[in-house]
2 protein chains.
Amino acid sequence: MDSSVARERALDAAEELFYGRGVQAVGMDDVRSASGVSLKRLYQLFPAKERLVEAYLERRDTRWREQLAAYVEERHGARERILAVYDWLGRWFDEPGFRGCAWINAYGELGAMSTPVAERVRAHKRAFREYLDSLAAEAGLPAAVGGQLFLLAEGAMVTAGITGSAKPANEAREAARLLVRAA
Amino acid sequence: MDSSVARERALDAAEELFYGRGVQAVGMDDVRSASGVSLKRLYQLFPAKERLVEAYLERRDTRWREQLAAYVEERHGARERILAVYDWLGRWFDEPGFRGCAWINAYGELGAMSTPVAERVRAHKRAFREYLDSLAAEAGLPAAVGGQLFLLAEGAMVTAGITGSAKPANEAREAARLLVRAA
DNA sequence: CCCTGTGGAGAACGCACGTTCTCCGCCTGC
DNA sequence: GCAGGCGGAGAACGTGCGTTCTCCACAGGG
């Protein structure tokens, strides 16, 4: 098996397991049996579990933001695009297996013990925040609005994760609509 | 040492350690040496670590909500009280050792593996949500506003925890002010 | 003075898991 | 056909930790 193929398979398995059960509840052996990549190979590709966790967060980060951006770009109108963010969140929340925000969960689990992981979580949130800032700027809204939209999105993610409901996306969307209108 | 004293000391130590480092990073032996309560006693009081975690979350829940309510009750005017919630959050975020919301962190860490812990997190968030609902009702605001205020507060907590800044409290307060005015 | 029970200190046990090692089959180049 | 090395399976190792057990000091009642 090609090395890059093994890497993808390992990351596929790691993502599903880490996200679904939490990082600490998943052993390297679980990743091995779910991916079919031998332990030896796993440790060649990722010299420690922490590296695998970082790679998981990084790959998921780019995919997550790409999918969000692709969904948003389909909408026309700067304000419509802002609201599209919450529509996309609502779809995400409704997906089977949704268990909250992978980065918030990872931060709760490892943020205190692993600075690399904490740093990746911060980088992801910073990027998302900047994306919302850019959407707000395109809509000609004051700079402060980006931060408010961000807080609504974060609150929706964490609440949807804990309650298992997609409703927070609608609540956040409605709040965003009012904020954009009022600003 | 009296049994109830031992229980309090154990919970004091557990709270500081669990909150500061995460639950899984703290061993029962750490709780023992930090509290001065022997392992035997610890296991008499809390037959398993999970019970200690539950007790930690429960005691912190009542204290957290009492302190919030006490702070809010000092303000006059229904809308002022709503904004006081975010002022209180800002003070909390600025406290030394602040590491985000204990329940969100615990959910990220244990939510997938421990239903009792997940249930306590849900109960805490439900109670906080209902508290905001009651504040919104007293201000004569539409029922939907409570949920929006809740999402802002959750977003602020999680963002303050990850970034280590108290600024999200101000951003959330400003957003809440606009939402209350617009509603 | 002994017997009993309570509680503390810390060793011991069992298990899970991150990481490494051993063994062996198989493929490739001669 | 064969030497050498690459890779897989899984055992082995070390450690950490939840939980229990052992041993002992000591207080109180006969």
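Residue numbering restarts at 1 for every chain, and letters A, B, ... go by the order of the sequence lines.
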Taking CZ from Phe46(A) and P from dC17(C), how many angstroms apart are they, rounded to a whole number?
20 Å
Quick one: are Val180(A) and Leu141(A) in side-chain contact, heavy atoms under 4.5 Å?
yes
Which residue pairs pass the salt bridge (charged side-chain N to carboxylate O under 4.0 Å, His left out) test when at least one of the two sits in residues 169-183 of chain A, sequence neighbours left out?
Asp87(A)-Arg173(A), Glu171(A)-Arg129(B), Glu174(A)-Arg177(A)
Nearest-Å distance for atom pair CG/C1', residues Leu42(A) and dT19(C)
12 Å
Verdict with reasoning, Glu130(A) to Lys125(A), per salt bridge (charged side-chain N to carboxylate O under 4.0 Å, His left out):
CA-CA 8 Å; Glu130(A) 283 164 7; Lys125(A) 290 304 182 191; over 6 Å; no
Each nucleotide N or O in nucleotides 20-28 of chain C that has a protein N or O under 3.5 Å away: list the pair and distance.
none

Lys/Arg N to Asp/Glu carboxylate O, Asp12(B) vs Arg59(B), below 4.0 Å
yes
Hey, is the side chain of Arg32(B) pairing donor to acceptor with the base of dG8(C) inside 3.5 Å?
no
Any idea which heavy atoms bring Tyr19(B) and Ala102(B) closest together, and the distance?
CD1-CB, 3.8 Å
Inter- and intrachain pairs under side chain to side chain donor-acceptor pair (under 3.5 Å), touching residues 138-152 of chain A, at least two apart:
none
Nearest-Å distance, CG (Leu45(A)) to C1' (dG7(D))?
12 Å
For residues 95-116 of chain A, which residue pairs pass the salt bridge (charged side-chain N to carboxylate O under 4.0 Å, His left out) check, not counting sequence neighbours?
none
For residues 19-30 of chain A, which residues have at least one heavy atom under 4.0 Å from DNA chain C?
Val26(A), Gly27(A), Met28(A)
salt_bridge(Arg63(A), Glu66(A)) N-O dist < 4.0 Å
no
Looking at DNA chain D, which of residues 48-57 of chain A put a heavy atom within less than 4.0 Å of it?
none
Any idea how Trp64(A) and Trp92(A) line up, ring-wise: parallel (<30°), tilted (30 to 60°), or perpendicular (>60°)?
perpendicular
Would you find more than 12 non-hydrogen atoms of other residues, nucleotides or ligands less than 6.0 Å from Arg65(B) atom CZ?
yes
